[in-house]
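What follows is a short report on a single structure.
Sequence positions, counted from 1, serve as the residue numbers for this chain.
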Amino acid sequence: MAKYAILTDLNRCVGCMSCMVSCKVINDVPIGNYWNKMLRIGPYRRSDYQTPNDVDMYYLCVQCQHCENPKCIDVCPTGASHKLEDGTVQIDKSKCIGCQFCAMACPYGVRYLNEEQRVVEKCTLCEQLTAQGGLPQCVAQCGGRARFFGDLEKGIDSFEAPRNAYQADRENGDFSYDQLFTGNRITFGEMAEEYNPDTDVHHLPNAGNDPNFVYVLRGREWKGEE
């Protein structure tokens with residue numbers, strides 16, 4: 001059984017928010033709501049702080065972590081929140097009654113009530129794309145090549161991102177989505193700077209839900225537990 005997730009190389013992320021914008025566009029996320037949020041961590045003093053120059057800062061993207069033991073599913077009274085065979089946590093809107101128990105149970109605050117439809121929404125890991133062998137939109141649109149998508153069962157070095165940016169068709173202005181569905185990709189193992197799997201690989205705080213998304217941060221203090 002697969003266990004799909006996203007890896008973010010925080011040393012490469014420049015905080016451009018392309019992941020946030022592209023996610024809202026392709027998934028028609030209402031104004032004022034987000035399936036992923038870009039947080040600025042810092043500036044903060046390094047542990048070896050001596051002068052005002054001894055500070056660090058990085059960006060942290062927070063979204064549904066598609067947890068191994070999601071509490072949102074445990075509290076859902078209708079079975080609307082459920083898990084697929086690929087390990088992703090999804091919402092069946094036809095069963096959702098908008099009670100928001102799942103939103104209250106989520107330790108990361110990444111679910112919200114769609115006021116118009118009266119159903120809860122969140123990141124689906126672009127299931128409409130990944131089910132066809134594609135990449136989530138936030139991964140495909142990451143200009144810094146900081147985000148990678150893959151199966152945790154195969155190891156994080158196998159996670160993939162497009163090798164090149166989208167190619168515009170200059171005749172009609174359309175964009176080619178070839179790299180969402182073709183093999184023209186690069187793996188995290190191919191392009192990543194050296195990292196220590198024991199000290200540089202992180203997850204958001206575990207409240208018993210076992211978050212699956214992975215963050216790699218080298219040479220800086222991880223603040224994701226705060």
Between T8 and V214, is any pair of side-chain heavy atoms under 4.5 Å apart? no
Do E194 and R218 meet the salt-bridge criterion of a basic N to acidic O distance under 4.0 Å? no
CG of D210 to NZ of K71, rounded to nearest 0.5 Å, is 7.5 Å
Does the Y108 side chain pair with the main chain of P205, one donor and one acceptor, at a distance under 3.5 Å? yes
Report whether I41 and M20 are members of the same hydrophobic cluster (ILVMFWY, side-chain heavy atoms less than 4.5 Å apart, transitive linking). no
May I ask you to decide if S18's main-chain N or O and S22's side chain share a donor-acceptor pair within less than 3.5 Å? yes
Take L129 and Q137 through the test side chain to side chain contact (heavy atoms under 4.5 Å, CB included) and record every step on the way to the result. CA-CA 8 Å; L129 298 175; Q137 189 75 354; 4.1 Å; yes
Between Y59 and M38 the two heavy atoms that sit nearest each other are CB-SD, 3.6 Å
Please evaluate residues Q65 and N212 with respect to the criterion side chain to side chain contact (heavy atoms under 4.5 Å, CB included), reporting the C-alpha separation (whole Å), side-chain torsions for both, the decisive distance (0.1 Å), and the verdict. CA-CA 6 Å; Q65 301 292 293; N212 278 326; 5.8 Å; no
I'd like to check D56 versus Y49 (side-chain heavy atoms, cut-off strictly below 4.5 Å). Are they in contact? no
C142 versus A146, closest heavy-atom pair with distance: SG-N, 3.1 Å
Taking the side chain from Q90 and the backbone from T124, do they hold a donor-acceptor pair closer than 3.5 Å? yes
Judged by atom type as modelled, is there a donor-acceptor pair below 3.5 Å linking the side chain of K83 to the main-chain atoms of P70? no
Flag the pair C96 / E121 as yes when at least one side-chain heavy-atom distance between them is below 4.5 Å, and no otherwise. no
Does a side-chain heavy-atom distance below 4.5 Å link N36 with C123? no
N27 vs C126 side-chain heavy atoms within contact, under 4.5 Å: yes
Minimal heavy-atom distance between D92 and H82, with the atoms involved, is N-CE1, 3.7 Å
If we ignore hydrogens and angles and just use 3.5 Å, is the side chain of R145 paired with the main-chain N or O of P162 as donor and acceptor? yes
Return the minimal non-hydrogen interatomic distance between L135 and E160, and the atom names on each side. CD2-O, 4.0 Å
Please step through side chain to side chain contact (heavy atoms under 4.5 Å, CB included) for the pair F159 and Y4, ending with a clear verdict. CA-CA 10 Å; F159 279 39; Y4 287 159; over 6 Å; no
With the 4.5 Å side-chain cut-off for hydrophobic clustering, are I186 and L7 part of the same group? yes
Answer with yes or no whether the side chains of D157 and Y195 bring together a donor and an acceptor at under 3.5 Å. yes
Look at the side chain of K24 and the backbone N and O of N33, then say whether any donor-acceptor pair between them is shorter than 3.5 Å. yes
Main-chain N/O of M57 paired with R220 side-chain donor or acceptor, under 3.5 Å: yes
Salt bridge or not between E68 and K3? Use side-chain N to carboxylate O under 4.0 Å. yes
Stepwise side chain to side chain contact (heavy atoms under 4.5 Å, CB included) check, I73 with S81: CA-CA 5 Å; I73 291 180; S81 289; 4.1 Å; yes
Are V89 and L204 in one and the same hydrophobic cluster, where Ile, Leu, Val, Met, Phe, Trp and Tyr link if side-chain heavy atoms are under 4.5 Å apart? no
Under 3.5 Å, side chain of D151 to main-chain N/O of E153, donor-acceptor pair present? yes
Looking at R111 and K122, would you say the former's side chain and the latter's main chain have a donor-acceptor pair under 3.5 Å? no
Using side-chain heavy atoms (C-beta onward) and a distance below 4.5 Å, is L113 in contact with R118? yes
Examine L10 and V62 and state if one hydrophobic cluster contains both, with Ile, Leu, Val, Met, Phe, Trp and Tyr joined whenever side-chain heavy atoms are less than 4.5 Å apart. yes
Classify the ring geometry of F188 against F148: parallel below 30°, tilted from 30° to 60°, perpendicular beyond 60°. perpendicular
Can you hop from V120 to V110 via hydrophobic side chains spaced under 4.5 Å? no
Is there a side-chain contact between Y112 and V29 in this structure, where contact means two heavy atoms from C-beta onward sitting under 4.5 Å apart? yes
Can you tell me how far the CD1 atom of I156 sits from the CD1 atom of I6, to the nearest 0.5 Å? 14.0 Å
Is atom NZ of K95 surrounded by more than 12 heavy atoms (other residues, nucleotides or ligands) closer than 6.0 Å? no
To the nearest 0.5 Å, atom CG of N206 lies from atom SG of C67 at 8.0 Å
Closest non-hydrogen atom pair, V75 against A105: CG2-CB, 3.7 Å
List the atom of W35, the atom of Q63, and the distance in Å for their closest heavy-atom pair. O-CB, 3.1 Å
H203 side-chain N/O to F213 backbone N/O, donor-acceptor pair under 3.5 Å: yes
Separation between CG (D48) and CD (E221), nearest 0.5 Å, reads 10.5 Å
Nearest 0.5 Å please: distance from the OG atom of S158 over to the CG atom of L152. 8.5 Å
Applying side chain to side chain contact (heavy atoms under 4.5 Å, CB included) between C61 and each of K37, M17, R147, report the one that passes. R147
Pairwise distance CG(D74) to CZ(F101) - rounded to 0.5 angstrom: 14.0 Å
